[in-house]
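Each remark here refers to the structure printed beneath this line.
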There are 2 protein chains.
Amino acid sequence: MDIKSAVLQLSSIAQEARLEIFRLLVQAGPDGLPAGNIGEALQIPGSTLSFHLKELSHAGLINSRQVSRFIYYSANYEAMDGLLAYLTENCCAGIKDCSPASACSTK
Amino acid sequence: MDIKSAVLQLSSIAQEARLEIFRLLVQAGPDGLPAGNIGEALQIPGSTLSFHLKELSHAGLINSRQVSRFIYYSANYEAMDGLLAYLTENCCAGIKDCSPASACSTK
DNA sequence: ACATTAATTCTATATTTATGGAATTATAGA
DNA sequence: TCTATAATTCCATAAATATAGAATTAATGT
């Protein structure tokens with residue numbers, strides 16, 4: 001993970017609507033949700049929602065697949081893991097008592 | 001941690017210059033570095049640097065203390081831990097094989 | 001008191017990001 | 001084929017963010 005990718009992914013969730021979308025998709029599980037359901041759940045107009053979904057997709061934090069007329073969006077857990085790993089390294093590098101690393105014996 | 005704080009903290013590191021500043025301060029350890037050294041190391045003009053340091057401070061991810069004419073900035077590890085914990089919960093909630101959580105038996 | 005240095009604030013400007021109505025595209029069913 | 005529905009793209013506009021020179025503030029040493 002290079003710093004530009006990290007910034008791109010961070011930017012994609014550094015916005016309230018998009019962080020809410022991502023949380024909702026995490027909760028929704030691997031199958032995800034159709035765009036319409038997301039917009040309805042979070043009360044976001046269609047065009048605005050598409051804009052945010054594109055940001056998250058472009059950063060690679062969500063995936064999409066078409067099922068008939070519906071486009072299902074789902075959280076990309078692997079990508080989020082990669083981002084967390086990057087941040088953990090950059091937060092905890094060489095520091096003994098940095099909690100995520102110390103709580104985690106394998107790191 | 002509420003969503004607005006998470007977004008504020010994420011925004012503060014979702015920018016290349018600021019993520020570089022934060023990384024540098026993590027590497028520098030608990031004592032941190034004076035503003036001037038940061039600007040010199042990363043080749044950032046003073047006024048721009050002050051702007052970014054203020055953003056990071058306001059988000060609570062860095063601390064500062066004055067030593068004579070120098071202002072030392074240092075990473076706030078606890079705050080970063082809190083952000084990582086929030087993201088881990090929001091990434092991994094209820095999902096067994098999400099790596100940061102699964103690699104970490106205490107979570 | 002004066003000059004020097006560290007850092008910030010002020011200011012203007014440029015750039016990026018966010019919002020949402022209207023129009024468009026695409027899929028499905030009658 | 002015509003209609004309804006899902007979603008996106010287009011477009012204009014608004015708002016927030018980033019940049020950096022110039023001026024200012026504050027601390028130190030002479």
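Note: hydrogens, waters and symmetry copies are ignored here, and every other heavy atom, side chains too, is used.
For residues 62-71 of chain A, proximity to DNA chain D is found at Arg69(A), Phe70(A), Ile71(A), defined as any non-hydrogen atom under 4.0 angstrom from a strand atom. Contacts between residues 32-39 of chain A and DNA chain D, defined by a heavy-atom separation below 4.0 Å, involve Pro34(A), Ala35(A), Gly36(A), listed by number. Applying a 4.0 Å cut-off to non-hydrogen atoms, the residues of residues 2-23 of chain A that approach DNA chain C are Gln15(A), Arg18(A), listed by residue number. For the segment residues 44-52 of chain B, the set of residues with a heavy atom within less than 4.0 Å of an atom of DNA chain C comprises Gly46(B), Ser47(B), Ser50(B), in numerical order.
Applying the side-chain contact (heavy atoms from CB on, under 4.5 Å) test to Ser47(A) and every residue at least two apart in sequence or in another chain returns nothing. Considering only residues two or more places apart in sequence or on other chains, Ser5(A) meets the side-chain hydrogen bond (donor to acceptor under 3.5 Å, both in side chains) condition with Asp2(A). A search for side-chain hydrogen bond (donor to acceptor under 3.5 Å, both in side chains) contacts involving Asp31(A) returns nothing, not counting sequence neighbours.
For residues 55-70 of chain B, no residue pair satisfies the salt bridge (Lys or Arg N to Asp or Glu O under 4.0 Å) rule, not counting sequence neighbours.
Read 5' to 3', the first and last nucleotides of DNA chain C with an atom closer than 4.0 Å to a heavy atom of chain A are dA18(C) to dA28(C). In summary, contact between chain B and DNA chain D, defined as any nucleotide atom under 4.0 Å from a heavy atom of the protein, begins and ends at dA18(D) to dT28(D) in the 5' to 3' direction.
Here Leu8(A) sits alone; no ILVMFWY side chain lies under 4.5 Å from its own, so it joins no hydrophobic cluster.
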Report all side-chain donor-acceptor pairs from residues 11-25 of chain B shorter than 3.5 Å, counting only partners two or more places apart or in another chain.
residue: Ser11(B); atom: OG; partner: Ala14(A); partner atom: O; Å: 3.3
residue: Ser11(B); atom: OG; partner: Val7(B); partner atom: O; Å: 2.8
residue: Ser12(B); atom: OG; partner: Gln9(B); partner atom: O; Å: 2.7
residue: Gln15(B); atom: OE1; partner: Ala17(B); partner atom: N; Å: 2.9
residue: Gln15(B); atom: OE1; partner: Arg18(B); partner atom: N; Å: 3.1
residue: Glu16(B); atom: OE1; partner: Lys4(A); partner atom: NZ; Å: 2.9
residue: Glu16(B); atom: OE2; partner: Lys4(A); partner atom: NZ; Å: 3.2
residue: Arg18(B); atom: NE; partner: Ser12(B); partner atom: O; Å: 2.8
residue: Arg18(B); atom: NH1; partner: His52(B); partner atom: ND1; Å: 3.0
residue: Arg18(B); atom: NH2; partner: Ser11(B); partner atom: O; Å: 3.1
residue: Arg23(B); atom: NE; partner: Asn90(A); partner atom: OD1; Å: 2.6
residue: Arg23(B); atom: NH1; partner: Tyr86(A); partner atom: OH; Å: 3.2

